[in-house]
Amino acid sequence: MSRALNMLGLCARAGRLVSGEKACVQAIRSGGAYAVVLDAAAAKNAVKSITDACRSHSVPLVVAPALSLGDAIGKPGRMAVGITDAGFAEQILKGDFTPG
């Protein structure tokens with residue numbers, strides 16, 4: 001597993017992320033999300049709503065290659081996660097999502 005995915009797992013265990021399309025969009029709009037990671041295999045509607053929210057609220061968005069974000073955070077099937085901690089967000093944005 002990549003370093004960034006490991007960091008997402010740590011972030012999840014610390015309770016510093018939200019997962020799922022609706023929760024991510026809500027966190028972005030409320031100013032609580034510092035970064036969002038989106039699986040490239042996510043549905044087109046989810047990609048559009050999250051991309052639009054990130055763009056309009058200036059939240060960094062990482063579209064990771066098709067991988068299992070949900071497995072990394074312990075919630076299989078999740079395609080979007082929003083990081084709600086500035087320190088974790090900074091580390092995840094520096095990370096590499098390629099499997100290693």
Report task. Decide whether Leu5 and Ile83 are clustered together by the hydrophobic rule: side chain heavy atoms of Ile, Leu, Val, Met, Phe, Trp, Tyr closer than 4.5 Å, transitively. Result -> yes
For residues 86-94, which side-chain donor-acceptor pairs fall under 3.5 Å, sequence neighbours excluded?
{"residue": "Gln91", "atom": "OE1", "partner": "Arg3", "partner atom": "NH2", "Å": "3.4"}

Report task. May I ask whether Leu69 and Leu10 are part of the same hydrophobic cluster, defined by side-chain heavy atoms of I, L, V, M, F, W, Y residues being less than 4.5 angstrom apart, directly or through others? Result -> yes
Query raised in the report: Under 4.5 Å between side-chain heavy atoms, hopping through other hydrophobics if needed: is there a path connecting Val36 to Val47?
Result: yes
Report task. Give the cluster check for Val62 versus Val81: same hydrophobic cluster or not, with ILVMFWY residues linked at side-chain heavy-atom distances below 4.5 Å. Result -> yes
Would you tabulate the side-chain donor-acceptor contacts of residues 12-29 under 3.5 Å, counting partners in other chains and residues two or more places apart, or write 'none'?
{"residue": "Arg13", "atom": "NH1", "partner": "Gly9", "partner atom": "O", "Å": "3.3"}
{"residue": "Ser19", "atom": "OG", "partner": "Arg78", "partner atom": "NH1", "Å": "2.7"}
{"residue": "Glu21", "atom": "OE2", "partner": "Ser49", "partner atom": "OG", "Å": "2.7"}

Query - Counterpart residues, side chain to side chain donor-acceptor pair (under 3.5 Å), relative to Lys48 (two or more places apart) - result: Asp52
Query raised in the report: About how many Å separate OH of Tyr34 and CG of Asp85, when rounded to the nearest 0.5 Å?
Result: 7.5 Å
